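Note that the structure is a prediction, hence the values are computed from the model and not measured.
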Amino acid sequence: SSQLILLFIAIIILFPFLFILSTSLKSSQEVFLSTRLLPKQICWQNYLEVLTQGKFGVYLINSILYTIVTVFSVVLISSLAGFVLGRFNFFGKTIFYGLILILIMIPVPAAFVSIYNLLMQLGLLNTRIGYLLVLTSGALPVSIFLMKGFFEQIPQEIFDAAYIDGCNKFMAYLYILLPLSRPICITIATFVGVSVWNEFLLASIVFSDENFMPIQTGLMRFQGQYITEYEKLMAGVVIAMLPTIILYMLLHKKILSGIT
């Protein structure tokens, strides 16, 4: 009975994905006239048109760029900050860490008005660097929190052995702690990467130039004022979903080990 319940839940979860995939393989006429779930004739032309027409390729490259830069920046900065907060005592540490915890409780959309005004005053509105700065700063509080907790659990004997072997503090971080923190780094990189890849609202506020827009914002270009090309829209959605699905399938064990 439990297996049947799990099977039923799996079907409910997988049905939207099957519907999206099926619609992406239908012709425009079949999308509007047929009630069949599976297409009568597979139409790969939708994917070709999505990738070749318009600026979907530009949106895809932009998302890849934003994801790589943000993930690298967040992992680097949060690992350094977590190392300092987790292993050293200094004046103002408690206050600084308390501010980080407060920032965790503030959702980024709640600060959109302030972010917009700040970017406009700095001349960074409708620029890649402004968008990347907001993405990076928004992901840092939780990442620093996770990194600090990880570094605090590392035994002091490892540091003592590193210092005896001639390592300074930065060398101990670079050659010993950073390799040990690979599971938590992969976990943070995965969550941040998926978040950046799926980001839509901030990009629609920051960007007015289509050449800077990520893939999620670009998908809206298939929705017109009077008609929506659902078959192309769903083909674009499938392309947008594939990287995150593949990434999780490859790294799900490391992600779970990093969380636990």
Side-chain angles (χ1 to χ4, degrees), residues 16 20 23-24 28 31 45-78 103-143 188-245 247:
I20 292 172
T23 305
S24 70
S28 178
V31 168
Q45 186 69 19
N46 295 331
Y47 288 89
L48 182 61
E49 292 180 359
V50 164
L51 292 173
T52 56
Q53 294 181 2
K55 296 184 177 181
F56 192 82
V58 175
Y59 305 145
L60 184 61
I61 294 174
N62 286 338
S63 284
I64 294 173
L65 173 65
Y66 298 146
T67 302
I68 292 175
V69 173
T70 304
V71 167
F72 177 80
S73 302
V74 169
V75 171
L76 177 62
I77 297 173
S78 64
L103 290 175
I104 292 176
M105 296 182 288
I106 301 177
V108 175
F112 273 173
V113 175
S114 301
I115 291 172
Y116 183 88
N117 291 330
L118 179 61
L119 292 178
M120 184 170 57
Q121 293 174 5
L122 295 175
L124 296 176
L125 199 63
N126 196 34
T127 63
R128 287 191 173 95
I129 185 64
Y131 183 62
L132 287 169
L133 286 174
V134 177
L135 290 177
T136 303
S137 60
L140 278 176
V142 175
S143 302
I188 291 174
T190 303
F191 284 126
V192 172
V194 171
S195 176
V196 173
W197 186 267
N198 293 327
E199 204 286 316
F200 168 80
L201 188 56
L202 178 64
S204 63
I205 294 174
V206 172
F207 293 131
S208 58
D209 189 342
E210 288 189 356
N211 293 317
F212 297 155
M213 291 182 177
I215 192 170
Q216 305 300 336
T217 310
L219 289 174
M220 297 301 295
R221 296 302 176 267
F222 295 108
Q223 182 175 358
Q225 182 177 0
Y226 300 106
I227 188 172
T228 299
E229 299 178 286
Y230 288 105
E231 69 284 356
K232 295 180 182 178
L233 176 61
M234 294 306 168
V237 170
V238 171
I239 296 173
M241 288 193 306
L242 280 178
T244 55
I245 294 174
L247 181 66

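In this structure, D209 contributes its side chain and N126 its backbone to no donor-acceptor pair below 3.5 Å.
One finds the CE atom of M220 at 8.0 Å from the CG atom of L233 (value rounded to the nearest 0.5 Å). Rounded to the nearest 0.5 angstrom, L119 CG and T127 OG1 are separated by 7.0 Å. Note that the CG atom of N62 and the CE atom of M213 stand 10.0 Å from one another [nearest 0.5 Å]. One distance of note links CG of L242 with CG of L247; it measures 12.0 Å at 0.5 Å rounding. Rounding to the nearest 0.5 Å gives a distance of 11.5 Å between OG of S204 and CD of Q216.
Other residues, nucleotides and ligands place more than 12 heavy atoms under 6.0 Å from the CZ atom of F112. The environment of Y47 atom OH is dense: over 12 non-hydrogen atoms of other residues, nucleotides or ligands sit within 6.0 angstrom.
Heavy atoms only, all atoms of each residue included: P141 and L103 are closest at CG-CB, 3.9 Å. Between S28 and E231, the shortest heavy-atom distance links the atoms CB-OE2, 3.5 Å. Of all heavy-atom pairs between W197 and L60, the closest is CH2-CD1, 3.7 Å. Of all heavy-atom pairs spanning V58 and N211, the tightest one is CG1-O, 3.6 Å. A pairwise comparison of heavy atoms in R128 and F212 identifies NH1-CE2, 3.3 Å as the closest pair. Between A240 and L219, the shortest heavy-atom contact is CB-CD1, 4.4 Å.
When the ring-ring contact (aromatic ring centres under 6.0 Å, His included) test is applied to Y59, no partner is found at least two apart in sequence or on another chain. Partners of L118 under the side chain to side chain contact (heavy atoms under 4.5 Å, CB included) rule, at least two apart in sequence or in another chain, are L122.
Contact of the I188 side chain with the S143 side chain is registered, since non-hydrogen atoms from C-beta on lie closer than 4.5 Å. Two residues are said to be in side-chain contact when any heavy atoms from C-beta on lie closer than 4.5 Å; V142 and F191 fail this criterion. A heavy-atom distance below 4.5 Å is not found between the side chains of I205 and I115. Taking 4.5 Å as the limit, some side-chain heavy atom of L132 sits within range of a side-chain heavy atom of T70. Residues V134 and L202 have side chains in contact (heavy-atom distance under 4.5 Å, counting atoms from C-beta outward).
Of the candidates V71, V196, V74, T136 forms a side-chain contact (heavy atoms from CB on, under 4.5 Å) with just one, namely V74.
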query = Does the pair Y66 and Y131 meet the rule for a ring-ring contact (aromatic ring centres under 6.0 Å, His included), with working shown?
reply = CA-CA 8 Å; Y66 298 146; Y131 183 62; 4.9 Å; yes
